[in-house]
Amino acid sequence: MIRSLLIANRGEIARRIIRTARKMGIRTVAVHSDVDAAMPFVREADEAVCIGPAPARESYLVQAKILEAAKATGAEAIHPGYGFLSENAEFAEAVEAAGLVWVGAPAHSIRAMGLKDAAKKLMVEAGVPVTPGYMGEDQDPAHLKAEADRIGYPVLIKAVAGGGGKGMRKVDRSEDFADALLSCQREAASSFGDDRVLIEKYILGPRHIEVQVFGDRHGHVVHLFERDCSLQRRHQKVIEEAPAPGMDDATRAAVCEAAVKAARAVDYVGAGTIEFIADASEGLRADRIWFMEMNTRLQVEHPVTEAITGQDLVEWQLRVASGEPLPRTQDQLSINGWAMEARLYAENPSNGFLPSTGPLTRLRLPRGIRVDSGVEEGGEVSPYYDPMIAKLIVTAPSRPAAAAKLAQAAARVEVWPVRTNAAFLARAAADPDFVAGRVDTGFIERHADRLVPTTEPSAAIEQAAARALLPEGSDAWTRLIGFRANAAAERRVEVEVAGHSRLVAIDDGAAGGKLRAVGSETLLFLDGEAWPVEAPRADHAGGGGAVSDGALLAPMPGKVIAVDVSEGDTVTKGQKLLVLEAMKMEQAMLAPFDGVVAELNASVGGQVSEGTMLARVAKAED
Ligand code: ADP
Ligand code: ADP
Ligand code: MG
């Protein structure tokens, strides 16, 4: 077994790998960029080496610097995580050439699966069903269009070197093909340095089904069942689960066998994923699932597989890389329960899902479930890297229970001032169609209206704000606004939510969110959303917020520091009567309406306890 490991990655996956390495007694070395120096993964590793400035091209992607760091720290092995250099065959070779152990896929497998067209051809030879389409050399636009016409619309143009959901264009009509091809080639050239494309039939009712595979150096290959990653936004995974809803035993056996066959075809060693696209318009069927691509690395969503199989896939990786056989045979693996993972992103769904980077002044993630995160409260989401904040992973005996747990977990997320997709995730996980297992890759787009939260506070949010702002206690109303409300009257309060000022009638049955002071702001956290709120002040209320019987009560214990009126004085609504100093703040007590000061029980310098009646104004017409 290797005794030391350098992790050529950052954030949550670096921490995830450190966790298992520590459990196995393996010393860990982190490499990091300047801006990541204070990140948890750097602190948690036994040793850390700074390898350059923030841009990944100057740090996490510089092979020589990583190899140098391994040498300097005496690390025996390198784990690439996912992204970055994980699927870089030259790096895999360079690591081994340096006499180090590569905890990734073999260079020859990475190469064989690196380009989607070559991979598909290889799979055809291996007898694995592939998505129908064109994957030839001839890249002449007229030829490509003729192929698309032959395949039949809709088709999907894909960059052969593509990844991460980029470099894809769906084309619905022949006349749109030429433009879509040009824009796809442009994106492919700039993102992947390769403008070659392939064309696939666009599968209807598409579901993304993938199979976790594992190989060792002794010729064993097993699968660890399937995951369903159909909940996607712009071809990028948002919620993943295992097993796949609606998968019967025969279909599972077929797709998992195809995956093992695919892995064997490239002499696979280590953790890998075979991605399939399924036409689920009539449910999952073995003859309607096709190979799409292979990801030759540990996948972001590997925890759901760990959850249902009870295995630690990073431990498997480290054992296999050390030359051990696979920890389990196929017969020793089985599915237990249901797991779901949601990717919590620093992005603003109400603003076209634009990334939202910046400080994490508040970051509270749900307890009692598995949370894989790379950041902590007080840290930040850097604009240089992937804006994922955390993966929320739940396990339950059944799918509906897992969905409920996930919805609840997402709803409990508290992040500020960075915006997140937590509310969106909570809504998606609680959506009746999702709960019923009616998922495909178009789910999010189809239901955007009900999944994407609005920027304007709803009546329910205003209610929750009013409720939350009301302090606990019998005479909460008085404590809130500084005078006793007319019991018979409707209790209304002026609240300001996200800059919108509203007069809200208090409904005792309304849901109350959690109120938190974050920096200089007061935030209401409810259902995964964060709303800046302003506590109503006495002068707000005096300005018309509530109906009062005219009694002004001390909202909290304090000292009277000014009295501007005497008994019998005529006062007008909103006029300042006296000032109380409480908790280092001055609070003006105002006349709730036009009238006469009928009682005055306050003198300058006097200490008052909470609830003391300081003055009473009698209505003018009384
Ligand atoms: P998956 O199928 O697991 O979602 P993709 O093929 O979509 O993976 O993308 C590769 C993975 O690498 C993504 O999950 C993405 O978050 C991650 N990734 C991409 N760029 C970076 C980066 N700069 N830093 C860390 N991770 C990254
Ligand atoms: P990437 O390398 O970016 O992950 P993939 O080939 O895995 O690219 O495709 C990404 C996503 O695009 C899939 O998960 C699926 O939602 C969608 N997709 C890919 N191919 C097809 C297809 N032929 N028909 C319908 N949807 C597809
Ligand atoms: Mg993919």
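Computed from heavy atoms alone, side chains included, the values below leave out hydrogens, waters and symmetry copies. Position 1 is the first residue of the sequence; numbering continues from there. In each ligand, atom 1 is the first atom listed, and ligand 1 is the first ligand listed. Note that this is a predicted model, so its numbers are computed, not measured.
Counting the atoms of ligand 2 from 1 in the order shown, those under 4.0 Å from a heavy atom of T441 are 16 (O). Interface of K201 with ligand 2, defined as ligand atoms under 4.0 Å from a residue heavy atom, comprises 22 (C), 23 (N), 24 (N). Ligand-side atoms of ligand 2 in range of L156: 18 (N), 19 (C), 20 (N), 21 (C), 22 (C), 27 (C), range being under 4.0 angstrom from any heavy atom.
At a 4.0 Å heavy-atom cut-off, ligand 2 touches I203 through backbone and side chain alike.
Taking all atoms of both residues into account, the shortest heavy-atom contact from G528 to T420 is O-OG1, 4.4 Å.
In the candidate list K158, K120, E293, K158 is nearest to atom 6 (O) of ligand 2, counting heavy atoms. Nearest-residue assignment for atom 9 (O) of ligand 2 (options M168, R207, H235; heavy-atom criterion): M168. Considering E275, M294, M292 only, the shortest heavy-atom separation from atom 19 (C) of ligand 2 involves M292. Around atom 16 (O) of ligand 2, the closest heavy atom drawn from Q232, K170, H208 belongs to Q232.
Closest approach between the Mg ion (ligand 3) and any N/O/S atom of E275 involves OE1. The atom name of the N/O/S atom in E293 closest to the Mg ion (ligand 3) is OE2.
Polar contact check, G164 against ligand 2: a nitrogen or oxygen pair lies under 3.5 Å apart. Residue-to-ligand polar distances keep T131 apart from ligand 2: every N/O pair is separated by 3.5 Å or more. Remark: ligand 2 and I277 share no N or O pair separated by less than 3.5 Å (distance only, no angle test). Annotation: K116 places an N or O atom under 3.5 Å from an N or O atom of ligand 2; distance criterion only.
Scored by the side chain to side chain contact (heavy atoms under 4.5 Å, CB included) test, D172 finds P154, K170 as partners (sequence neighbours excluded).
Partner D372 forms a side chain to side chain donor-acceptor pair (under 3.5 Å) with one of R19, R16, R15, H302 and no other, that one being R19. Each of R227, E341, E210 was compared with T305 under the side chain to side chain contact (heavy atoms under 4.5 Å, CB included) criterion, and only R227 meets it.
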*Please test K391 against E301 for salt bridge (Lys or Arg N to Asp or Glu O under 4.0 Å), starting from the C-alpha separation and ending with a verdict.*
CA-CA 8 Å; K391 303 189 295 205; E301 56 274 22; over 6 Å; no
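A salt bridge between E87 and R297 is present, with a side-chain N of the basic residue lying under 4.0 Å from a carboxylate O of the acidic one. Ion pairing of K145 with D149 is present here, as a side-chain N (NZ or NE/NH1/NH2) and a carboxylate O approach within less than 4.0 Å. Under the 4.0 Å criterion applied to side-chain N and carboxylate O atoms, K121 and E137 are assigned as salt-bridge partners.
The closest approach between Q236 and ligand 2 stays at or above 4.0 Å for every heavy atom of the residue. At a 4.0 Å cut-off, not a single heavy atom of K237 sits close enough to ligand 2 to count as contact.
Below 30°, between 30° and 60°, or above 60°: for F41 and H32 the angle between ring planes is above 60°, a perpendicular geometry.
For residues 142-174, every residue pair satisfying the ring-ring contact (aromatic ring centres under 6.0 Å, His included) rule, not counting sequence neighbours, is listed here: Y134-H143.
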